*Asks:* 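First the structure, then my questions, so here it is.
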There are 4 protein chains.
Amino acid sequence: MTFFNNTNRPPGQNEKYIAILTAAFKVFAREGLHRGKIADVAKEAGVGKGTVYEYFRSKEDIFTAILNQFFDQIQWGLETVNQQDLPADKKVARLLEMNLDWFKTTTPEEALIITEIWAQGLRSFHTAEPDDAMIHRYRAIQEMMMSILEQGVAEGIFRPVDSETLALLLMATLDGLGLHFLINQTMDIEKLKSVTRRAFLEGILVRQESQSTGE
Amino acid sequence: MTFFNNTNRPPGQNEKYIAILTAAFKVFAREGLHRGKIADVAKEAGVGKGTVYEYFRSKEDIFTAILNQFFDQIQWGLETVNQQDLPADKKVARLLEMNLDWFKTTTPEEALIITEIWAQGLRSFHTAEPDDAMIHRYRAIQEMMMSILEQGVAEGIFRPVDSETLALLLMATLDGLGLHFLINQTMDIEKLKSVTRRAFLEGILVRQESQSTGE
Amino acid sequence: MTFFNNTNRPPGQNEKYIAILTAAFKVFAREGLHRGKIADVAKEAGVGKGTVYEYFRSKEDIFTAILNQFFDQIQWGLETVNQQDLPADKKVARLLEMNLDWFKTTTPEEALIITEIWAQGLRSFHTAEPDDAMIHRYRAIQEMMMSILEQGVAEGIFRPVDSETLALLLMATLDGLGLHFLINQTMDIEKLKSVTRRAFLEGILVRQESQSTGE
Amino acid sequence: MTFFNNTNRPPGQNEKYIAILTAAFKVFAREGLHRGKIADVAKEAGVGKGTVYEYFRSKEDIFTAILNQFFDQIQWGLETVNQQDLPADKKVARLLEMNLDWFKTTTPEEALIITEIWAQGLRSFHTAEPDDAMIHRYRAIQEMMMSILEQGVAEGIFRPVDSETLALLLMATLDGLGLHFLINQTMDIEKLKSVTRRAFLEGILVRQESQSTGE
DNA sequence: AATGAATGAGACTTCATTCAT
DNA sequence: CATGAATGAAGTCTCATTCAT
């Protein structure tokens with residue numbers, strides 16, 4: 001559960017907060033989102049049922065926290081890549097690599113939880129809270145990808161691209177791959193990396209005699 | 001609700017079966033997967049609660065049926081494209097178009113339901129039923145995409161590709177785009193279409209002087 | 001439990017409705033309002049827990065129903081008295097008698113429940129629902145007493161009185177006596193009846209040479 | 001909150017004891033008896049949750065204390081009246097006045113709390129603690145009223161009465177009026193005072209040619 | 001004496017499912 | 001076939017009380 005090592009939490013209550021969140025993640029991963037009972041989370045965390053509610057307003061609040069941890073992690077990874085002194089195409093390759101390598105340290109059950117929470121959180125986003133974080137968190141990710149793409153264009157490595165839309169595509173592709181890894185874990189990740197990298201990059205690299213397919 | 005017009009269902013009980021399935025889809029889309037009650041489904045379908053259980057073994061069984069309808073639709077669309085007399089690159093473009101146009105006739109709530117069921121169904125796939133359809137249905141889709149890609153290679157339009165892996169990538173990309181459309185419905189679909197098409201196709205089209213990034 | 005014999009309830013569901021209400025009254029009387037669990041009510045009524053909620057929206061809804069039964073009973077008793085062919089002073093005496101005799105068929109625990117619900121219901125009346133029945137139910141009682149008092153004035157038995165205010169006083173006195181019977185059940189009811197009757201009636205009877213205390 | 005000014009409390013801990021009691025009264029009045037949380041009481045009193053339990057054994061203990069304060073106040077008022085150098089009929093009038101004037105300085109919510117505690121306390125009296133104060137406190141009040149009534153008889157102002165029963169009736173009437181003021185606060189208190197005084201007093205004053213209604 | 005983090009028993013309520021009609 | 005009244009397991013959350021500091 002390397003998932004909850006970051007410490008961007010209100011200090012002072014960090015210990016138990018993390019303990020409960022970690023336990024929740026474990027329990028939900030094992031049982032599913034609804035099957036996973038708060039009582040189990042408490043037991044797993046080694047605290048009383050009431051204590052869970054000292055740190056989280058509701059079960060859904062735990063979901064949100066898990067999802068936020070997930071986004072924190074992604075963003076942190078992206079920032080790390082972005083801050084490295086690399087040409088843009090290498091950065092894109094690193095991105096891809098990071099994304100797919102995530103599955104080597106994460107069980108499908110864990111990844112599935114993210115998806116479940118994601119789907120449920122999305123619903124509440126559509127129905128209730130207008131300033132829900134989801135869209136903003138994705139926007140942040142998108143913008144970081146945009147900056148990499150724009151760097152590439154500036155470096156003359158990438159042809160002029162609609163970086164905003166392309167960043168969206170890239171983000172979607174990475175998420176889609178994650179999704180499909182959930183379905184089929186026998187896929188050859190290394191092969192997937194290279195195929196994806198080549199398909200994506202050779203389409204945006206500046207080339208002498210490119211030919212658009214027009215329309 | 002054009003979603004449930006196809007009739008690949010056990011004949012004889014078709015009327016009510018479809019009525020219930022349609023009602024379920026509506027109710028779940030409106031309320032969410034867990035919030036949506038069987039009682040509401042029955043009322044929406046204009047039948048008694050007990051009748052629902054004449055046609056479906058359980059609530060989860062309804063989920064499965066909805067998901068199957070979804071896959072039926074996708075597969076039917078793919079087949080349609082594949083059977084057209086078009087060069088492979090046009091077929092890929094059509095695929096992309098179809099995929100993104102789906103959102104013009106589907107509300108986010110409806111799409112969300114698919115995602116929710118998908119995530120939940122996936123769990124049961126991982127935990128319980130080994131011959132669950134999900135992976136096979138995706139495999140069928142993947143194979144159809146493979147055949148398009150291989151057609152392109154045979155036609156000399158596409159460079160020699162690992163069609164299996166690339167089909168997976170394509171599938172993942174389309175799903176990923178769907179996912180992100182759920183998050184951000186303000187995205188410009190037409191722009192996304194062209195950017196995606198170009199990014200994807202120009203990377204696999206045969207070109208005079210392509211330069212691989214190697215590794 | 002002669003308390004729930006009246007049948008002014010939506011017909012068709014009368015059986016179980018009454019069974020649950022009767023059970024609830026019994027349980028609440030035994031355990032108190034909060035200690036009395038719905039589970040116990042269900043068991044006492046010989047139905048499932050869920051069945052209780054088929055007939056009542058919530059625990060509070062049961063409270064309300066009990067209170068309404070109580071008011072129904074009082075009103076029915078008042079009407080009976082009022083419709084009898086008696087001079088007003090006899091009617092007042094009958095009222096008093098009825099009121100105090102109620103305790104011969106009702107246990108203190110049962111009467112206490114009424115008081116608890118009454119107090120709680122009153123709170124919700126002050127805080128939330130503006131058209132709560134409580135005040136209207138009391139008003140109806142008050143008006144029936146007013147009509148008795150006015151009859152007495154018309155008959156020349158009572159001196160001209162502010163019938164509205166006096167009816168309120170009469171109502172309050174009867175309720176107050178009920179309250180104190182809860183506290184001290186050793187009181188001699190028959191003695192209380194005659195003392196109260198005399199104190200109340202001799203103050204309102206027409207007399208030759210009454211002397212007001214003025215102010 | 002003039003309610004808690006008297007200081008018949010264990011000295012030395014008076015400050016915080018009173019602070020907590022006052023806070024409790026406020027919170028319970030605002031939220032109701034069960035809704036009012038100890039945590040809120042503590043916050044309102046400006047002390048820690050644990051501190052509440054330094055001064056009170058339990059929540060119910062607070063209830064009892066509140067009720068006792070209430071009785072203290074009533075008794076103190078009665079004593080004051082009783083010790084004045086007045087004829088008995090004036091004393092009765094003063095009693096009535098005091099009782100109804102109480103509502104001018106007390107909000108319905110506060111009065112309601114008394115009623116709620118009263119009802120709940122009564123239950124515990126019936127079920128558990130045989131030496132509960134309630135009956136004794138009321139007995140004390142009753143005895144003070146008896147002494148007023150007997151004074152009136154001795155003075156020749158009141159006809160010979162069963163002072164014990166009549167004191168009970170008087171007490172019940174005053175409580176009943178309080179109760180009904182909770183229900184209907186629009187009642188004209190001054191009118192109620194005079195009607196009640198006249199109805200009650202003229203029934204017990206010595207008169208030349210009274211005529212009993214017999215039976 | 002004062003505190004408040006921790007507790008966990010307990011309660012209401014929901015809802016998928018059954019089955020007698 | 002159709003129904004919907006009945007069910008009861010299950011789950012979230014509350015809150016009075018304790019106790020180590």
Side-chain angles (χ1 to χ4, degrees), chain A residues 12-13 15-17 20 31 33-43 45-62, chain B residues 12-13 15-16 20 31 34-43 45-62, chain C residues 12-13 15-17 20 31 33-43 45-62, chain D residues 12-13 15-16 20 31 34-43 45-62:
Chain A
Q13 42 174 239
E15 274 171 81
K16 278 219 170 111
Y17 182 94
I20 292 169
E31 312 279 353
L33 226 50
H34 342 305
R35 294 287 169 88
K37 307 173 220 164
I38 293 293
D40 294 341
V41 171
K43 193 181 292 178
V47 300
K49 234 186 311 179
T51 308
V52 172
Y53 285 88
E54 290 279 319
Y55 290 87
F56 297 91
R57 214 181 308 273
S58 66
K59 196 181 184 184
E60 193 152 317
D61 199 31
I62 300 181
Chain B
Q13 43 177 236
E15 271 173 83
K16 269 191 185 151
I20 292 169
E31 313 279 354
H34 325 300
R35 296 281 173 88
K37 305 168 214 165
I38 293 292
D40 292 342
V41 171
K43 191 183 292 177
V47 300
K49 234 184 315 178
T51 309
V52 173
Y53 284 86
E54 294 280 330
Y55 291 87
F56 296 91
R57 208 184 309 272
S58 68
K59 195 181 185 183
E60 193 150 319
D61 199 33
I62 300 180
Chain C
Q13 42 176 237
E15 274 173 82
K16 275 210 175 122
Y17 182 94
I20 293 169
E31 313 277 354
L33 226 51
H34 340 304
R35 293 288 170 85
K37 306 171 222 166
I38 293 294
D40 294 341
V41 172
K43 193 180 292 178
V47 301
K49 232 184 313 178
T51 307
V52 174
Y53 285 89
E54 290 279 321
Y55 290 86
F56 297 91
R57 213 183 307 275
S58 66
K59 196 181 183 183
E60 193 151 316
D61 200 31
I62 300 181
Chain D
Q13 42 176 233
E15 273 172 80
K16 267 188 187 153
I20 292 170
E31 313 279 354
H34 325 300
R35 294 283 172 88
K37 305 169 214 166
I38 293 292
D40 292 342
V41 171
K43 193 183 290 176
V47 301
K49 233 184 312 179
T51 308
V52 173
Y53 284 86
E54 294 281 328
Y55 291 86
F56 297 90
R57 209 184 308 274
S58 67
K59 195 180 184 182
E60 193 150 318
D61 199 30
I62 301 180

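Lettering of chains follows the sequences in order, A, B, ..., and the numbering in each one begins at 1. Predicted, not measured: the structure shown is a model, and the values here were computed from it.
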*Asks:* C:Tyr55 has an atom OH; how far is it from atom C1' of F:dT7, in whole Å?
*Replies:*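 To the nearest whole Å, that distance equals 12 Å.
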*Asks:* What is the distance, rounded to the nearest whole Å, between atom CD1 of D:Ile20 and atom C1' of F:dT17?
*Replies:*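 Between C1' of F:dT17 and CD1 of D:Ile20: 15 Å.
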*Asks:* For C:Asp40 and F:dG8, give me the distance from atom CG to atom P, rounded to whole Å.
*Replies:*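 From C:Asp40 CG to F:dG8 P: 15 Å.
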*Asks:* C:His34 NE2 to F:dA16 C1': how many Å, rounded?
*Replies:* 14 Å
*Asks:* Distance check: side-chain N/O of C:Lys37 vs OP1/OP2 of E:dG10, anything under 4.0 Å?
*Replies:*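 For C:Lys37, the contact criterion (side-chain N or O under 4.0 Å from OP1 or OP2 of E:dG10) is not met.
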*Asks:* Which atoms form the tightest heavy-atom contact between B:Ile20 and B:Val52, and what is the distance?
*Replies:* CD1-CA, 3.9 Å
*Asks:* Select from B:Val52 and A:Ser58 the residue whose nearest nucleotide in DNA chain F is closer to the 5' end of that strand.
*Replies:* B:Val52
*Asks:* Rounded to whole Å, how long is the line connecting atom CZ of B:Arg35 with atom P of F:dT12?
*Replies:*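 Atom-to-atom, B:Arg35 to F:dT12, this comes out as 12 Å.
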*Asks:* For B:Lys16 and F:dT3, what is the distance between atoms NZ and C1' respectively, to the nearest whole Å?
*Replies:* 10 Å
*Asks:* Could you please name the option among F:dT17, E:dC12, F:dC15 that lies closest to any side-chain atom of D:Lys59?
*Replies:* F:dT17
*Asks:* Look at all strands and tell whether B:Gly46 reaches a base, only sugar-phosphate, or nothing, counting heavy atoms closer than 4.0 Å.
*Replies:* nothing
*Asks:* Looking at CG of C:Asp61 and NZ of C:Lys59, how far apart are the two atoms once the value is rounded to the nearest 0.5 Å?
*Replies:*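 Here the rounded value is 13.0 Å.
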*Asks:* Looking at five pairs on each end of the helix from E:dA2-F:dT21 to E:dT21-F:dA2, what is the angle between the two axes, given to 10 degrees?
*Replies:*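 For the helix from E:dA2-F:dT21 to E:dT21-F:dA2, the axes at either end differ by 0°.
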*Asks:* Nearest whole angstrom, please: distance from the C1' of E:dA5 to the CD1 of D:Ile38.
*Replies:*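 Whole-Å distance recorded here is 17 Å.
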*Asks:* Do any N or O atoms of the protein come closer than 3.5 Å to N or O atoms of nucleotides 18-21 of chain E, and which pairs are they?
*Replies:*
none

*Asks:* I want to confirm an ordering. Mapping B:Gly36 and A:Thr51 to their closest nucleotides on DNA chain E, which one lands closer to the 5' end?
*Replies:*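 Going by which nucleotide is closer to the 5' end, it is A:Thr51.
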*Asks:* Please report the closest heavy-atom contact between B:Lys49 and B:Ala39, naming both atoms and the distance.
*Replies:*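 That closest heavy-atom pairing would be CG-CA, 3.9 Å.
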*Asks:* Would you kindly give the CD1-to-C1' distance between C:Ile62 and E:dC12, to the nearest whole Å?
*Replies:* 11 Å
